[in-house]
Amino acid sequence: MSQVYEGYERQYCDISSSLSRKCTSAALLQGEQKKQKVSEIKAGLDDAESLIRKMDLEARSLPPSVKATLLAKLREYKNDLNNLKNGVKQITSTNTTQTRDELFDLGLTDANMDSTDQRGRLLMSTEKLSNSTSRIKESRRTMMETEELGVSILQDLHQQRQSLLHANDTLHGVDDNISRTKKLLTSMSRRMSRNKWIIGSIIVVLVLAIILILYYKLTRHR
């Protein structure tokens, strides 16, 4: 519910209760005291009517789901205000010679009782709406906490994915190094094999040369 609307609503309930008490006391007064009290009541009615208009404007500016409920409550407040106005009319229409019993016979007491009952129902409706608002706020808070948890999990998964990608890149780098090392070892092995053949050939040539030299020397001495 709008906080602005709630502020207007509290002010109206306070004014309505005060006007109800003033109407009851004004019905028991006579002369100038009664006129003064009626003037105070009329001024309070103007304030209450101004608050009704403000609540109406505020309710119509809210989303449809909330506006319908507030407008229904506002109709109850308008009925309550009309009852107060009727009570004032009944007070002002009586003359100064009427007794207390005659004033009550005009129905002022019934009107005040009806207003009290209506205010009671309005307060109950307000309490129910406040409870519904609290439940909505609690659900919203739970949804926000769930959303925050989901965001945290997604962030963790993103970090784990980055770690896995980094590990994969590292493995690819190690694999490339192993491949290069393997090629280098293969090349060295081939060179060693070739060098062995060269050394072997040289040894064979040297042996043959030594044999020829020895043969040459032996045959010459003969």
Side-chain angles (χ1 to χ4, degrees), residues 1-14 51 53-75 77 122-222:
M1 184 190 297
S2 170
Q3 293 182 354
V4 176
Y5 185 93
E6 288 179 347
Y8 292 150
E9 188 177 40
R10 284 193 296 270
Q11 294 180 42
Y12 177 81
C13 290
D14 292 340
L51 288 171
R53 288 195 295 269
K54 290 179 180 179
M55 283 192 286
D56 191 10
L57 291 174
E58 181 65 21
R60 295 182 186 279
S61 67
L62 296 175
S65 58
V66 180
K67 179 173 68 177
T69 303
L70 296 183
L71 290 178
K73 289 180 60 180
L74 193 58
R75 285 193 291 271
Y77 288 132
L122 290 173
L123 290 174
M124 290 178 63
S125 299
T126 301
E127 184 178 358
K128 290 180 180 179
L129 187 59
S130 298
N131 292 334
S132 299
T133 303
S134 299
R135 287 194 294 270
I136 291 172
K137 289 181 178 179
E138 182 66 20
S139 299
R140 185 178 298 173
R141 185 180 64 82
T142 303
M143 289 177 62
M144 291 180 66
E145 290 178 353
T146 304
E147 183 178 358
E148 290 177 357
L149 179 60
V151 171
S152 177
I153 292 173
L154 288 175
Q155 290 177 348
D156 291 340
L157 290 175
H158 178 71
Q159 292 177 355
Q160 292 177 3
R161 180 175 179 273
Q162 293 298 115
S163 298
L164 289 173
L165 290 174
H166 179 69
N168 188 39
D169 292 339
T170 303
L171 288 175
H172 280 300
V174 172
D175 186 55
D176 292 339
N177 291 332
I178 292 173
S179 297
R180 286 195 295 270
T181 303
K182 184 178 179 181
K183 291 178 180 179
L184 180 61
L185 291 174
T186 302
S187 177
M188 291 175 64
S189 177
R190 289 175 180 175
R191 289 179 182 178
M192 290 177 64
S193 297
R194 185 168 59 252
N195 291 336
K196 286 180 180 179
W197 282 105
I198 292 171
I199 293 171
S201 299
I202 292 171
I203 292 172
V204 170
V205 170
L206 290 174
V207 170
L208 291 174
I210 292 170
I211 292 172
L212 288 174
I213 292 169
L214 290 174
Y215 177 77
Y216 177 75
K217 285 182 177 183
L218 290 173
T219 54
R220 186 175 180 182
H221 285 294
R222 291 177 182 177

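The CZ atom of Arg190 lies 14.0 Å from the CG atom of Asn195; values are rounded to the nearest 0.5 Å. In this structure, CD on Glu9 lies 12.0 Å from CD on Glu58, to the nearest 0.5 angstrom. Atom CG of residue Leu206 and atom CD1 of residue Ile199 lie 11.5 Å apart, to the nearest 0.5 angstrom. One distance of note links CE of Met192 with CE of Met188; it measures 7.0 Å at 0.5 Å rounding. Here the CD1 atom belonging to Ile198 is positioned 12.0 Å from the CD1 atom belonging to Ile203, to the nearest 0.5 angstrom. How far OH of Tyr8 is from CG of Leu70: 13.5 Å, rounded to the nearest 0.5 Å.
With Ser187 contributing its side chain and Lys183 its backbone, the two residues share no donor-acceptor pair below 3.5 Å. Checking side-chain atoms of Tyr12 against main-chain N and O of Tyr77 turns up a donor-acceptor pair under 3.5 Å.
Between Lys67 and Leu62 the shortest heavy-atom distance is CB-O, 3.9 Å.
Legend: residues meeting side chain to side chain donor-acceptor pair (under 3.5 Å) with Arg60, ordered by chain and number and at least two apart, are Asp56.
When side chains are defined from C-beta on, Lys182 does not count as touching Leu185, because their heavy atoms never get closer than 4.5 Å. Side chains of Arg180 and Leu184 form no contact here, defined as non-hydrogen atoms less than 4.5 Å apart. Contact of the Leu74 side chain with the Tyr5 side chain is registered, since non-hydrogen atoms from C-beta on lie closer than 4.5 Å.
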